[in-house]
Novice: 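Starting off with a structure, shown below.
On a predicted model such as this, the values are computed, not experimentally measured, just so you know.
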Amino acid sequence: MGMTMTQKTLAHAAGVDAVEPGEVIFPEINLAAGSDNAIPQASRVLEDLDSKQVFNPEKVAVASDHFHLNNSRTALQRNSTVSRFASKFKIAKHDLPGRGGVAHIHNSDSGRVIPGDVVVAADSHACAYGALGAFGMPVGGTDLAMAMTLGKLWIQIPGAIRVTFTGEPSQLVTGKDLGLMMLRELGPTGALGKSIEFAGESLEVFPIGDRFILADMAFECGAINGMMVPHGKALEYLGDKAEREAQYFMADDDAEYEDSIEINAEELEPLIADVERPGTVFGVSALEKSVPVDQVVIGGCGGAQVEDLYLAAKVMKYRQIDENVRLLIIPGSVETYRRLINEGLASIFTELGASIWAPTCGPCPDTAIAELAPGETGVVTTRGRSYQNGSQVYSASVAVAAASAVTGHLTDPRDLIGEIETPTPGADSEFQ
């Protein structure tokens with residue numbers, strides 16, 4: 001029996017020829033990544049174990065992305081703990097606020113993760129590394145501590161689900177929409193404990209931000225990882241970032257999948273997910289009445305790459321945001337933040353009436369960033385979270401979020417702008 005991409009990657013890391021679903025292995029880890037949300041627990045575990053060092057300081061990364069703004073005593077304490085942890089274990093890949101960004105985005109932008117890698121991270125967004133052809137698995141703080149100490153971690157080989165996207169996506173349908181359609185098909189537990197592998201010609205047209213979002217949404221369906229072949233735009237993104245040699249693992253023709261679904265991207269429209277009701281996804285055309293919006297967040301863990309921000313600028317072109325809407329722009333990394341400024345996008349957004357925040361996770365962690373008041377409605381390009389205060393949160397693509405910021409209600413971006421050209425970062429004279 002052949003192996004999937006995930007199975008091949010893990011077998012190689014474990015130094016064995018083949019693996020089967022259900023088998024437990026101990027693969028070597030290329031990167032163990034923690035954040036200010038998990039390092040305090042990992043630090044306590046290592047202290048209890050009396051650990052004096054991590055397995056390799058060059059293969060460990062820690063970031064302050066959840067409690068970035070130090071806007072509370074808890075935030076200050078967590079960031080202080082991260083700094084002491086990095087100093088104690090001589091970890092060079094230590095990203096203080098203002099020097100990194102959202103961990104999975106900055107680690108990728110920095111060339112720390114390349115095709116064929118095995119990454120464990122105490123963050124559910126570890127799945128996003130699959131956009132680069134790497135195995136990324138979310139773990140808890142205790143498992144992270146063990147990975148940092150041993151350089152290995154037990155992993156039970158998952159069964160696999162194959163999701164194939166066919167056809168050319170229609171106007172303003174993004175990777176977020178493909179991910180939301182997958183969520184509608186599988187549901188929030190449809191891939192529980194499995195690996196999702198993405199395939200199909202539709203993926204080749206999407207920029208890296210869309211690929212990150214799609215791989216990341218494997219977790220929304222219950223999967224332990226999502227993975228795709230890093231062709232086209234992903235290879236352009238990788239460029240010469242890494243000093244190590246990448247490994248490319250393709251699924252065998254006779255690889256066994258427990259389930260397989262096919263989605264025709266040509267038939268999709270921009271979609272919206274109701275964060276208050278996990279797995280509830282509907283098309284913008286299903287809106288029977290105007291749904292007012294109070295706040296829009298573009299960026300954070302999703303919709304935060306420079307291509308995403310160019311698309312937002314295109315959708316909002318020559319328009320002010322609605323007078324009753326708060327619009328927050330959150331770049332995903334310092335690399336994107338610099339381009340936001342240097343290429344003129346920051347000026348565009350501030351003229352439209354938006355606020356630009358430093359690279360951080362944004363509204364998802366419970367850190368009082370971009371909160372909603374009781375009864376308010378928000379649109380986010382992140383996964384979003386429920387505030388449990390009578391407010392309503394919708395998760396959507398950058399295009400839907402930008403259009404809703406302009407109109408003040410949930411809006412189909414195709415109705416707002418009609419035909420537009422694909423935005424080209426750094427090459428569009430209208431946005432210099």
Novice: Closer than 4.0 angstrom, basic N to acidic O: yes or no for R112 and D95?
Specialist: yes
Novice: Using a 6.0 Å cut-off, check whether atom CD of E168 has over 12 heavy atoms from anything other than its own residue.
Specialist: no
Novice: Any chance you could measure M182, atom CE, to I261, atom CD1, to the nearest 0.5 Å?
Specialist: 7.5 Å
Novice: Would R162 and E262 count as a salt bridge (charged side-chain N to carboxylate O under 4.0 Å, His left out) here? Give the steps.
Specialist: CA-CA 8 Å; R162 186 180 180 92; E262 184 173 306; over 6 Å; no
Novice: May I ask you to decide if the ring planes of H104 and H125 are parallel, tilted or perpendicular, using 30° and 60° as cut-offs?
Specialist: parallel
Novice: How long is the gap from CD on E335 to CG on D109, to the nearest 0.5 Å?
Specialist: 4.5 Å
Novice: Testing L153, I29, L10 for side chain to side chain contact (heavy atoms under 4.5 Å, CB included) with M137, which one passes?
Specialist: L153
Novice: Apply side chain to side chain contact (heavy atoms under 4.5 Å, CB included) to residues M316 and L327 and explain how you reach the verdict.
Specialist: CA-CA 12 Å; M316 294 189 290; L327 172 61; 3.8 Å; yes
Novice: If we only count heavy atoms from C-beta on, is the R211 to L203 side-chain gap below 4.5 Å?
Specialist: yes
Novice: Determine yes or no for a side-chain-to-main-chain donor-acceptor pair under 3.5 angstrom, with T377 supplying the side chain and D294 the backbone.
Specialist: no
Novice: Between I196 and L186, is any pair of side-chain heavy atoms under 4.5 Å apart?
Specialist: yes
Novice: To the closest 0.5 Å, what do you measure between CG (L311) and CD (Q305)?
Specialist: 13.0 Å
Novice: Closest heavy-atom contact between L268 and V173?
Specialist: O-CG2, 3.4 Å
Novice: Looking at every heavy atom in both A396 and K176, which two are closest together, and how far apart are they?
Specialist: O-CE, 3.6 Å
Novice: Would S391 and N389 satisfy side chain to side chain donor-acceptor pair (under 3.5 Å), going step by step from the backbone distance to the final call?
Specialist: CA-CA 6 Å; S391 59; N389 64 352; 2.6 Å; yes
Novice: If you apply the rule side chain to side chain contact (heavy atoms under 4.5 Å, CB included), what do you find for I157 with I25, and how did you get there?
Specialist: CA-CA 7 Å; I157 301 298; I25 61 170; 3.5 Å; yes
Novice: For the residue pair F198 and A215, what are the closest heavy atoms and their distance?
Specialist: CE1-CA, 3.8 Å
Novice: Quick one: does F165's side chain get under 4.5 Å of L214's, heavy atoms only?
Specialist: yes
Novice: Going through the distances and angles, do Q41 and T142 end up as a side chain to side chain donor-acceptor pair (under 3.5 Å)?
Specialist: CA-CA 7 Å; Q41 181 183 353; T142 300; 3.1 Å; yes
Novice: Taking the side chain as C-beta and beyond, is there a heavy-atom pair between V118 and T9 under 4.5 Å?
Specialist: yes
Novice: What are the two closest non-hydrogen atoms of I330 and V297, and how far apart are they?
Specialist: CD1-CG1, 3.8 Å
Novice: With a 4.0 Å cut-off, would you call D117 and R244 a salt bridge?
Specialist: yes
Novice: Can you give me the closest heavy-atom contact between P27 and I155, atom names plus distance?
Specialist: CG-CD1, 3.7 Å
Novice: For side chain to side chain donor-acceptor pair (under 3.5 Å), just list the numbers for S124 and R383, CA-CA rounded to whole Å, side-chain angles, deciding distance to a tenth of an Å, and then say yes or no.
Specialist: CA-CA 11 Å; S124 63; R383 292 179 186 162; 2.6 Å; yes
Novice: Would you indicate whether the side-chain heavy atoms of Q295 and E371 approach each other to under 4.5 Å?
Specialist: no
Novice: Under 3.5 Å, side chain of T382 to main-chain N/O of G302, donor-acceptor pair present?
Specialist: no
Novice: Is the closest side-chain heavy-atom distance between L372 and R326 below 4.5 Å?
Specialist: yes
Novice: Quick check against the 3.5 Å criterion: does E204 have a side-chain atom that pairs as donor or acceptor with the backbone of E201?
Specialist: no
Novice: CD of E236 to CG of L238: how many Å apart, nearest 0.5 Å?
Specialist: 10.5 Å
Novice: Mind running salt bridge (charged side-chain N to carboxylate O under 4.0 Å, His left out) on K8 and D252 for me, showing each step along the way?
Specialist: CA-CA 9 Å; K8 278 190 173 183; D252 292 324; 2.7 Å; yes
Novice: I'd like to know if the side chain of S202 and the backbone of G167 have a donor-acceptor N/O pair within less than 3.5 Å.
Specialist: yes
Novice: Keeping Q156 on the side-chain end and G22 on the backbone end, is there a donor-acceptor pair under 3.5 Å?
Specialist: yes
Novice: Return yes if some donor-acceptor pair links the side-chain N/O of D177 with the main-chain N/O of T174 below 3.5 Å, else return no.
Specialist: yes
Novice: For the backbone of S347 and the side chain of T350, can you confirm whether one donor and one acceptor N or O come within less than 3.5 Å of each other?
Specialist: yes
Novice: With side chain to side chain contact (heavy atoms under 4.5 Å, CB included) as the test, would you mind laying out the steps for S195 and T4 before giving the verdict?
Specialist: CA-CA 9 Å; S195 170; T4 66; 5.5 Å; no
Novice: Does atom CD of E185 have more than 12 heavy-atom neighbours, drawn from other residues, nucleotides or ligands, at distances under 6.0 Å?
Specialist: yes
Novice: To the nearest 0.5 Å, tell me how far N79 CG sits from I39 CD1.
Specialist: 11.5 Å
Novice: A103 and A63: which non-hydrogen atoms are nearest, and at how many Å?
Specialist: CB-CB, 4.2 Å
Novice: CD of E256: more than 12 outside heavy atoms within 6.0 angstrom?
Specialist: no
Novice: Consider side chain to side chain contact (heavy atoms under 4.5 Å, CB included). Of V306, L345, I105, T336, which one does P331 pass it with?
Specialist: T336
Novice: With no hydrogens and no angle check, is any side-chain donor or acceptor of K233 less than 3.5 Å from a backbone partner on V205?
Specialist: no
Novice: E197 side chain to T6 main-chain N or O, any donor-acceptor pair under 3.5 Å?
Specialist: yes
Novice: Verify, without hydrogens or angle tests, whether Q320 (side chain) and E351 (backbone) share a donor-acceptor contact under 3.5 angstrom.
Specialist: yes
Novice: Report the C-alpha distance between Y237 and F212 in whole Å, list the side-chain angles of each, state the deciding distance to 0.1 Å, and finish with yes or no for side chain to side chain contact (heavy atoms under 4.5 Å, CB included).
Specialist: CA-CA 12 Å; Y237 167 79; F212 276 134; 4.1 Å; yes
Novice: Side-chain contact test, heavy atoms from C-beta onward, threshold under 4.5 Å: evaluate it for E323 versus V325 and give yes or no.
Specialist: no
Novice: Measuring from atom CE of M148 to atom CD1 of I91, what distance do you get when rounded to the nearest 0.5 angstrom?
Specialist: 5.5 Å
Novice: Taking the side chain as every heavy atom from C-beta outward, state whether I263 and L178 have any atom pair closer than 4.5 Å.
Specialist: no
